[in-house]
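For reference, the structure discussed in these notes is given below.
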Amino acid sequence: MAKPALLMTGRMMPLIEEQLDQIFDVHRLKQPADLESALAAKGDVFEAICTGAFTGVKVDDALMARLPKLRIIGNFGVGYDSVDAAAAGKRGIIVTNTPDVLTEEVADTTLGLLLMTVRELSQAERWLREGKWAKQGEYRLTPASLRDRSVGLLGMGRIGMAIARRLEAFGLPVSYHTRRQRPELHYTYYPTPVELAKAVDTLIVITPGGPETKNIVNAVVLEALGPRGVLINMARGTCVDEAALIQALRNGTIHAAGLDVFLNEPNINPELLTLPNAVLLPHVGSASVYTRNKMGQLVVDNLKAYAERKPPLTPVPETPFNGW
Ligand code: 8YV
(Lines give C-alpha, C1' and ligand atoms only; values in the text may rest on other atoms or scores of the structure.)
Protein backbone atom coordinates (compact mmCIF):
# COMPACT_ATOMS: atom_id res chain seq x y z
CA MET A 1 0.00 0.00 0.00
CA ALA A 2 1.28 3.50 -0.81
CA LYS A 3 2.47 5.53 2.14
CA PRO A 4 0.32 8.55 3.03
CA ALA A 5 1.85 11.93 2.10
CA LEU A 6 3.12 14.20 4.86
CA LEU A 7 4.25 17.81 4.65
CA MET A 8 7.12 18.68 7.01
CA THR A 9 7.30 22.46 7.33
CA GLY A 10 11.01 22.53 8.23
CA ARG A 11 13.83 20.32 9.45
CA MET A 12 12.99 18.21 12.53
CA MET A 13 15.28 16.28 14.86
CA PRO A 14 16.66 13.04 13.31
CA LEU A 15 14.57 10.91 15.68
CA ILE A 16 11.44 12.38 14.07
CA GLU A 17 12.63 12.46 10.47
CA GLU A 18 13.93 8.89 10.47
CA GLN A 19 10.73 7.40 11.86
CA LEU A 20 8.36 9.48 9.76
CA ASP A 21 10.27 8.45 6.62
CA GLN A 22 9.34 4.85 7.43
CA ILE A 23 5.65 5.60 7.73
CA PHE A 24 4.97 8.49 5.35
CA ASP A 25 5.98 9.82 1.97
CA VAL A 26 7.58 12.95 3.48
CA HIS A 27 7.91 16.23 1.62
CA ARG A 28 10.32 18.54 3.50
CA LEU A 29 10.35 22.30 3.10
CA LYS A 30 13.91 23.62 3.17
CA GLN A 31 12.54 27.09 3.91
CA PRO A 32 9.07 28.62 4.38
CA ALA A 33 9.27 30.17 0.89
CA ASP A 34 9.18 26.64 -0.59
CA LEU A 35 5.61 26.16 0.62
CA GLU A 36 4.00 27.47 -2.58
CA SER A 37 5.77 25.06 -4.89
CA ALA A 38 5.02 22.16 -2.51
CA LEU A 39 1.33 23.06 -2.56
CA ALA A 40 1.28 23.39 -6.34
CA ALA A 41 2.92 19.98 -6.77
CA LYS A 42 1.28 17.96 -3.99
CA GLY A 43 -1.35 20.07 -2.19
CA ASP A 44 -4.10 17.62 -3.06
CA VAL A 45 -2.34 14.58 -1.58
CA PHE A 46 -1.03 15.66 1.85
CA GLU A 47 -2.89 13.86 4.65
CA ALA A 48 -0.60 14.97 7.47
CA ILE A 49 1.56 17.90 8.50
CA CYS A 50 4.49 17.82 10.88
CA THR A 51 5.26 21.33 12.08
CA GLY A 52 6.57 23.54 14.88
CA ALA A 53 6.61 27.29 15.49
CA PHE A 54 10.37 27.34 14.89
CA THR A 55 9.90 26.38 11.20
CA GLY A 56 8.39 29.82 10.54
CA VAL A 57 5.36 28.35 8.72
CA LYS A 58 1.93 29.32 10.03
CA VAL A 59 -0.61 26.53 9.58
CA ASP A 60 -3.65 28.79 9.21
CA ASP A 61 -7.11 28.31 7.76
CA ALA A 62 -6.00 29.51 4.31
CA LEU A 63 -3.33 26.80 4.18
CA MET A 64 -5.72 24.10 5.41
CA ALA A 65 -8.22 25.17 2.73
CA ARG A 66 -5.64 24.22 0.10
CA LEU A 67 -5.08 20.74 1.53
CA PRO A 68 -8.31 18.83 0.88
CA LYS A 69 -7.02 15.49 2.25
CA LEU A 70 -5.44 16.90 5.42
CA ARG A 71 -6.49 14.92 8.55
CA ILE A 72 -3.80 15.54 11.17
CA ILE A 73 -1.30 18.23 12.16
CA GLY A 74 1.43 17.05 14.54
CA ASN A 75 2.98 20.03 16.35
CA PHE A 76 6.43 19.83 17.94
CA GLY A 77 5.93 21.73 21.20
CA VAL A 78 3.25 22.08 23.82
CA GLY A 79 2.46 25.58 22.52
CA TYR A 80 0.64 25.49 19.19
CA ASP A 81 0.06 29.17 18.52
CA SER A 82 1.46 28.80 14.99
CA VAL A 83 -1.43 26.43 14.16
CA ASP A 84 -5.01 27.71 13.92
CA ALA A 85 -6.47 24.89 16.01
CA ALA A 86 -9.99 26.38 16.10
CA ALA A 87 -10.07 26.44 12.30
CA ALA A 88 -8.72 22.86 12.21
CA GLY A 89 -11.49 21.80 14.61
CA LYS A 90 -14.15 23.23 12.28
CA ARG A 91 -12.64 21.31 9.38
CA GLY A 92 -12.46 18.05 11.34
CA ILE A 93 -8.65 18.07 11.27
CA ILE A 94 -6.88 16.80 14.39
CA VAL A 95 -4.08 18.89 15.92
CA THR A 96 -1.68 17.22 18.38
CA ASN A 97 0.93 18.82 20.64
CA THR A 98 3.53 17.59 23.16
CA PRO A 99 2.19 18.18 26.69
CA ASP A 100 3.43 16.56 29.93
CA VAL A 101 6.76 15.25 28.63
CA LEU A 102 8.33 18.73 28.91
CA THR A 103 6.54 20.03 32.01
CA GLU A 104 9.24 19.36 34.61
CA GLU A 105 12.09 20.44 32.31
CA VAL A 106 10.49 23.80 31.53
CA ALA A 107 9.73 24.32 35.22
CA ASP A 108 13.37 23.55 36.08
CA THR A 109 14.58 26.05 33.48
CA THR A 110 12.18 28.66 34.82
CA LEU A 111 13.63 28.44 38.31
CA GLY A 112 17.12 28.60 36.80
CA LEU A 113 16.27 31.74 34.87
CA LEU A 114 14.61 33.26 37.93
CA LEU A 115 17.74 32.70 40.01
CA MET A 116 20.00 33.96 37.24
CA THR A 117 17.96 37.14 37.00
CA VAL A 118 17.43 37.90 40.67
CA ARG A 119 20.98 37.01 41.79
CA GLU A 120 22.66 38.31 38.59
CA LEU A 121 24.39 34.97 38.04
CA SER A 122 25.27 35.48 34.37
CA GLN A 123 26.60 38.97 35.11
CA ALA A 124 28.65 37.55 38.01
CA GLU A 125 30.07 34.83 35.78
CA ARG A 126 31.05 37.42 33.17
CA TRP A 127 32.81 39.35 35.98
CA LEU A 128 34.95 36.30 36.75
CA ARG A 129 35.64 35.40 33.10
CA GLU A 130 36.69 38.98 32.33
CA GLY A 131 39.31 38.78 35.09
CA LYS A 132 37.59 41.43 37.21
CA TRP A 133 37.42 39.32 40.39
CA ALA A 134 41.24 39.32 40.69
CA LYS A 135 41.70 42.90 39.43
CA GLN A 136 38.72 44.77 40.83
CA GLY A 137 37.51 42.59 43.69
CA GLU A 138 34.28 40.82 44.49
CA TYR A 139 31.21 41.02 42.33
CA ARG A 140 28.68 43.39 43.90
CA LEU A 141 26.14 42.22 46.46
CA THR A 142 22.97 41.84 44.47
CA PRO A 143 20.27 44.38 45.27
CA ALA A 144 17.68 41.64 44.78
CA SER A 145 17.26 38.32 46.56
CA LEU A 146 14.68 35.56 46.36
CA ARG A 147 14.47 35.60 50.16
CA ASP A 148 12.09 38.55 50.44
CA ARG A 149 10.04 37.99 47.29
CA SER A 150 6.53 36.95 46.48
CA VAL A 151 5.80 35.44 43.09
CA GLY A 152 2.82 35.77 40.78
CA LEU A 153 2.20 33.33 37.96
CA LEU A 154 0.39 34.53 34.87
CA GLY A 155 -1.00 31.17 33.75
CA MET A 156 -1.57 28.10 35.92
CA GLY A 157 -1.62 25.16 33.53
CA ARG A 158 0.52 22.05 33.85
CA ILE A 159 3.81 23.93 33.63
CA GLY A 160 2.53 26.73 35.90
CA MET A 161 1.67 24.13 38.54
CA ALA A 162 5.13 22.54 38.30
CA ILE A 163 6.72 25.98 38.73
CA ALA A 164 4.44 26.75 41.71
CA ARG A 165 5.49 23.48 43.41
CA ARG A 166 9.14 24.44 43.04
CA LEU A 167 8.52 27.96 44.35
CA GLU A 168 6.84 26.49 47.43
CA ALA A 169 9.89 24.32 48.02
CA PHE A 170 11.95 27.53 47.84
CA GLY A 171 9.74 28.92 50.63
CA LEU A 172 8.13 31.62 48.50
CA PRO A 173 4.49 32.76 48.58
CA VAL A 174 2.71 32.05 45.27
CA SER A 175 -0.30 33.73 43.72
CA TYR A 176 -1.70 33.59 40.19
CA HIS A 177 -4.01 34.92 37.53
CA THR A 178 -5.79 32.83 34.91
CA ARG A 179 -8.97 33.62 32.96
CA ARG A 180 -10.93 31.23 35.16
CA GLN A 181 -10.11 30.86 38.85
CA ARG A 182 -9.16 27.35 39.96
CA PRO A 183 -10.83 27.08 43.39
CA GLU A 184 -9.21 23.71 44.05
CA LEU A 185 -5.81 25.43 44.35
CA HIS A 186 -4.57 26.95 47.60
CA TYR A 187 -2.69 29.78 45.85
CA THR A 188 -4.11 33.32 46.05
CA TYR A 189 -6.05 34.28 42.93
CA TYR A 190 -6.19 37.75 41.36
CA PRO A 191 -8.85 38.46 38.73
CA THR A 192 -6.64 40.64 36.47
CA PRO A 193 -2.95 40.72 35.50
CA VAL A 194 -2.64 44.27 36.92
CA GLU A 195 -4.01 43.25 40.33
CA LEU A 196 -1.61 40.30 40.39
CA ALA A 197 1.32 42.55 39.42
CA LYS A 198 0.39 45.03 42.17
CA ALA A 199 0.31 42.27 44.79
CA VAL A 200 3.71 40.71 43.97
CA ASP A 201 7.22 41.80 43.00
CA THR A 202 8.07 38.84 40.76
CA LEU A 203 5.95 37.91 37.78
CA ILE A 204 6.38 34.71 35.76
CA VAL A 205 4.56 34.47 32.42
CA ILE A 206 3.59 30.88 31.57
CA THR A 207 0.38 31.28 29.55
CA PRO A 208 -0.27 29.91 26.06
CA GLY A 209 0.59 32.29 23.20
CA GLY A 210 -1.81 33.54 20.53
CA PRO A 211 -4.21 36.48 20.24
CA GLU A 212 -5.85 35.97 23.68
CA THR A 213 -2.62 36.60 25.57
CA LYS A 214 -1.07 39.17 23.23
CA ASN A 215 0.62 41.88 25.35
CA ILE A 216 -0.91 40.49 28.55
CA VAL A 217 2.13 42.15 30.15
CA ASN A 218 1.93 45.76 29.00
CA ALA A 219 3.18 49.12 30.32
CA VAL A 220 0.41 49.24 32.97
CA VAL A 221 1.30 45.79 34.32
CA LEU A 222 5.00 46.70 34.42
CA GLU A 223 4.21 49.92 36.27
CA ALA A 224 2.13 47.90 38.76
CA LEU A 225 4.99 45.44 39.28
CA GLY A 226 7.13 48.38 40.36
CA PRO A 227 10.82 49.21 40.89
CA ARG A 228 11.60 45.97 42.79
CA GLY A 229 9.89 44.08 40.01
CA VAL A 230 11.35 41.08 38.20
CA LEU A 231 9.65 39.73 35.07
CA ILE A 232 10.32 36.21 33.77
CA ASN A 233 8.86 35.23 30.39
CA MET A 234 8.81 31.49 29.59
CA ALA A 235 5.66 31.63 27.43
CA ARG A 236 5.80 33.42 24.08
CA GLY A 237 7.31 36.72 22.97
CA THR A 238 3.84 37.91 21.99
CA CYS A 239 2.70 37.83 25.65
CA VAL A 240 4.86 40.85 26.52
CA ASP A 241 4.79 44.33 24.98
CA GLU A 242 8.51 44.26 24.19
CA ALA A 243 8.86 47.99 23.52
CA ALA A 244 7.23 48.76 26.89
CA LEU A 245 9.49 46.21 28.59
CA ILE A 246 12.66 47.71 27.10
CA GLN A 247 11.58 51.13 28.31
CA ALA A 248 10.71 49.78 31.77
CA LEU A 249 14.14 48.13 32.07
CA ARG A 250 15.91 51.27 30.88
CA ASN A 251 14.21 53.71 33.22
CA GLY A 252 13.95 51.53 36.33
CA THR A 253 10.18 51.06 36.20
CA ILE A 254 11.09 47.44 37.01
CA HIS A 255 14.34 46.02 38.36
CA ALA A 256 15.19 43.22 35.91
CA ALA A 257 13.85 40.69 33.43
CA GLY A 258 14.72 37.13 32.44
CA LEU A 259 13.50 36.17 28.98
CA ASP A 260 13.53 32.77 27.27
CA VAL A 261 11.17 33.85 24.47
CA PHE A 262 11.01 36.87 22.17
CA LEU A 263 9.26 38.47 19.26
CA ASN A 264 10.78 37.48 15.90
CA GLU A 265 12.92 34.61 17.19
CA PRO A 266 15.77 34.11 16.48
CA ASN A 267 16.23 37.66 15.13
CA ILE A 268 15.47 39.39 18.42
CA ASN A 269 15.31 43.14 18.96
CA PRO A 270 19.00 44.21 19.26
CA GLU A 271 18.07 46.82 21.88
CA LEU A 272 17.55 43.97 24.34
CA LEU A 273 21.25 43.10 24.07
CA THR A 274 22.20 46.52 25.41
CA LEU A 275 20.27 46.12 28.69
CA PRO A 276 22.50 45.16 31.66
CA ASN A 277 19.45 44.15 33.74
CA ALA A 278 18.09 41.59 31.26
CA VAL A 279 19.06 37.91 31.23
CA LEU A 280 18.44 36.52 27.74
CA LEU A 281 18.20 32.82 26.89
CA PRO A 282 17.73 31.48 23.34
CA HIS A 283 14.40 29.66 23.93
CA VAL A 284 15.90 26.71 25.80
CA GLY A 285 13.03 25.93 28.20
CA SER A 286 12.66 22.34 27.03
CA ALA A 287 16.00 22.06 25.25
CA SER A 288 17.72 18.99 26.73
CA VAL A 289 18.39 15.83 24.73
CA TYR A 290 16.33 13.90 27.31
CA THR A 291 13.21 16.04 27.01
CA ARG A 292 13.45 16.83 23.30
CA ASN A 293 13.68 13.08 22.58
CA LYS A 294 10.46 12.55 24.51
CA MET A 295 8.77 15.42 22.67
CA GLY A 296 9.99 14.13 19.30
CA GLN A 297 8.73 10.62 20.03
CA LEU A 298 5.33 11.98 20.97
CA VAL A 299 5.12 13.87 17.66
CA VAL A 300 5.93 10.63 15.84
CA ASP A 301 3.52 8.51 17.89
CA ASN A 302 0.62 10.89 17.21
CA LEU A 303 1.25 10.91 13.45
CA LYS A 304 1.80 7.16 13.44
CA ALA A 305 -1.54 6.70 15.20
CA TYR A 306 -3.21 8.38 12.23
CA ALA A 307 -1.37 6.15 9.74
CA GLU A 308 -2.57 3.10 11.71
CA ARG A 309 -6.07 4.55 12.16
CA LYS A 310 -5.69 4.53 15.93
CA PRO A 311 -6.77 7.38 18.25
CA PRO A 312 -4.20 10.19 18.55
CA LEU A 313 -2.40 10.30 21.90
CA THR A 314 -2.52 14.02 22.64
CA PRO A 315 -5.09 15.92 20.57
CA VAL A 316 -5.54 19.55 21.64
CA PRO A 317 -8.89 20.54 23.22
CA GLU A 318 -10.02 22.45 20.11
CA THR A 319 -9.90 19.26 18.02
CA PRO A 320 -11.50 16.40 19.97
CA PHE A 321 -11.10 13.00 18.30
CA ASN A 322 -14.25 11.39 16.90
CA GLY A 323 -12.71 8.76 14.63
CA TRP A 324 -10.68 9.05 11.41
C1 8YV B 1 9.40 24.41 21.53
C2 8YV B 1 8.11 25.36 23.25
O3 8YV B 1 8.78 23.25 21.19
O4 8YV B 1 6.85 23.44 23.68
C5 8YV B 1 6.84 24.62 23.41
O6 8YV B 1 5.78 25.25 23.27
O7 8YV B 1 8.15 26.54 23.27
C8 8YV B 1 9.35 24.62 23.02
O9 8YV B 1 9.46 23.48 23.75
C10 8YV B 1 10.74 24.40 21.06
O11 8YV B 1 11.21 25.68 21.21
C12 8YV B 1 10.84 24.00 19.61
O13 8YV B 1 11.52 24.94 18.93
Side-chain angles (χ1 to χ4, degrees), residues 8-17 19-20 28-32 49-59 73-85 88 95-114 153-163 178 204-214 216-217 232-240 242 258-268 280-303 312-319:
M8 192 175 276
T9 64
R11 292 312 299 254
M12 296 281 158
M13 55 200 295
L15 175 151
I16 296 181
E17 294 209 359
Q19 293 186 73
L20 290 184
R28 291 173 176 77
L29 301 184
K30 285 208 184 73
Q31 51 192 16
I49 290 181
C50 179
T51 191
F54 65 94
T55 66
V57 173
K58 289 236 174 286
V59 184
I73 301 165
N75 182 69
F76 183 82
V78 68
Y80 49 96
D81 46 312
S82 65
V83 178
D84 188 340
V95 177
T96 64
N97 65 343
T98 62
D100 302 321
V101 292
L102 47 51
T103 299
E104 304 299 327
E105 190 82 70
V106 177
D108 289 348
T109 313
T110 306
L111 267 291
L113 180 55
L114 175 63
L153 294 185
L154 267 178
M156 191 53 101
R158 285 170 281 219
I159 302 175
M161 295 280 288
I163 295 169
T178 49
I204 298 178
V205 190
I206 191 69
T207 57
E212 284 175 12
T213 55
K214 188 167 186 308
I216 190 169
V217 175
I232 303 295
N233 188 6
M234 293 298 293
R236 286 290 180 263
T238 51
C239 300
V240 174
E242 217 166 73
L259 309 173
D260 188 47
V261 289
F262 304 86
L263 296 176
N264 298 324
E265 294 174 14
N267 302 305
I268 71 167
L280 311 172
L281 296 181
H283 200 149
V284 294
S286 66
S288 68
V289 171
Y290 175 90
T291 291
R292 285 290 172 84
N293 280 350
K294 289 193 184 292
M295 291 165 65
Q297 193 57 48
L298 188 49
V299 172
V300 171
D301 291 345
N302 272 300
L303 291 164
L313 281 78
T314 50
V316 303
E318 294 92 329
T319 67

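Counting starts at 1 for both ligands and their atoms, following the listed order. Counting from 1, the numbers follow the sequence of the chain as shown.
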Exercise. Looking only at non-hydrogen atoms, find the nearest pair between F262 and L281 and report the distance.
Key: CE1-O, 3.1 Å
Quiz item: To the nearest 0.5 Å, what is the distance between OG1 (T9) and CZ (R28)?
Solution: 12.0 Å
Quiz item: Are the side chains of I163 and L111 in touch, meaning some heavy atoms are under 4.5 Å apart?
Solution: yes
Quiz item: Below 3.5 angstrom, do we get any N/O pair linking T98 and ligand 1?
Solution: no
Practice problem: Tell me which protein heavy atom sits closest to atom 3 (O) of ligand 1, plus the residue, atom name and distance to 0.1 Å. | Solution: G77 CA, 3.2 Å
Practice problem: Could you tell me which residues satisfy side chain to side chain donor-acceptor pair (under 3.5 Å) with N97, sequence neighbours excluded, listed by chain and number? | Solution: none
Practice problem: Work out which heavy atom in G285 is nearest to a heavy atom in M234; give both atom names and the distance. | Solution: CA-CE, 3.9 Å
Quiz item: What atoms of ligand 1 come closer than 4.0 angstrom to any heavy atom of L102?
Solution: 4 (O), 9 (O)
Quiz item: Could you state the interatomic distance from CG (D260) to CD1 (I206), rounded to the nearest 0.5 Å?
Solution: 9.0 Å
Self-check item: Per-atom contacts, ligand 1 versus R236 - under 4.0 Å to a heavy atom
Solution: 2 (C), 5 (C), 6 (O), 7 (O)
Exercise. Around atom 1 (C) of ligand 1, find the nearest protein heavy atom and jot down its residue, atom name and distance.
Key: H283 NE2, 4.2 Å
Practice problem: Could you tell me which atoms of ligand 1, counted from 1 in the order shown, lie closer than 4.0 angstrom to a heavy atom of M295? | Solution: 3 (O), 9 (O)
Quiz prompt | By side-chain contact (heavy atoms from CB on, under 4.5 Å) - contacts of T291 (at least two apart) | solution = L102, E105, S286, S288, M295
Quiz prompt | N233 (side chain) donor-acceptor with R236 (main chain) under 3.5 angstrom | solution = yes
Quiz item: Which protein heavy atom lies closest to atom 9 (O) of ligand 1, and at what distance to 0.1 Å?
Solution: S286 OG, 2.7 Å
Self-check item: Residue, atom name and distance, where the atom is the protein heavy atom closest to atom 10 (C) of ligand 1
Solution: R292 NH2, 3.3 Å
Quiz item: Is V78 close to ligand 1, meaning an N/O of one under 3.5 Å from an N/O of the other?
Solution: yes
Quiz item: At under 4.0 Å between heavy atoms, which part of M234 makes contact with ligand 1: side chain, backbone, both or neither?
Solution: neither
Quiz prompt | Atom indices of ligand 1 within 4.0 angstrom of F54 heavy atoms, with elements | solution = 12 (C), 13 (O)
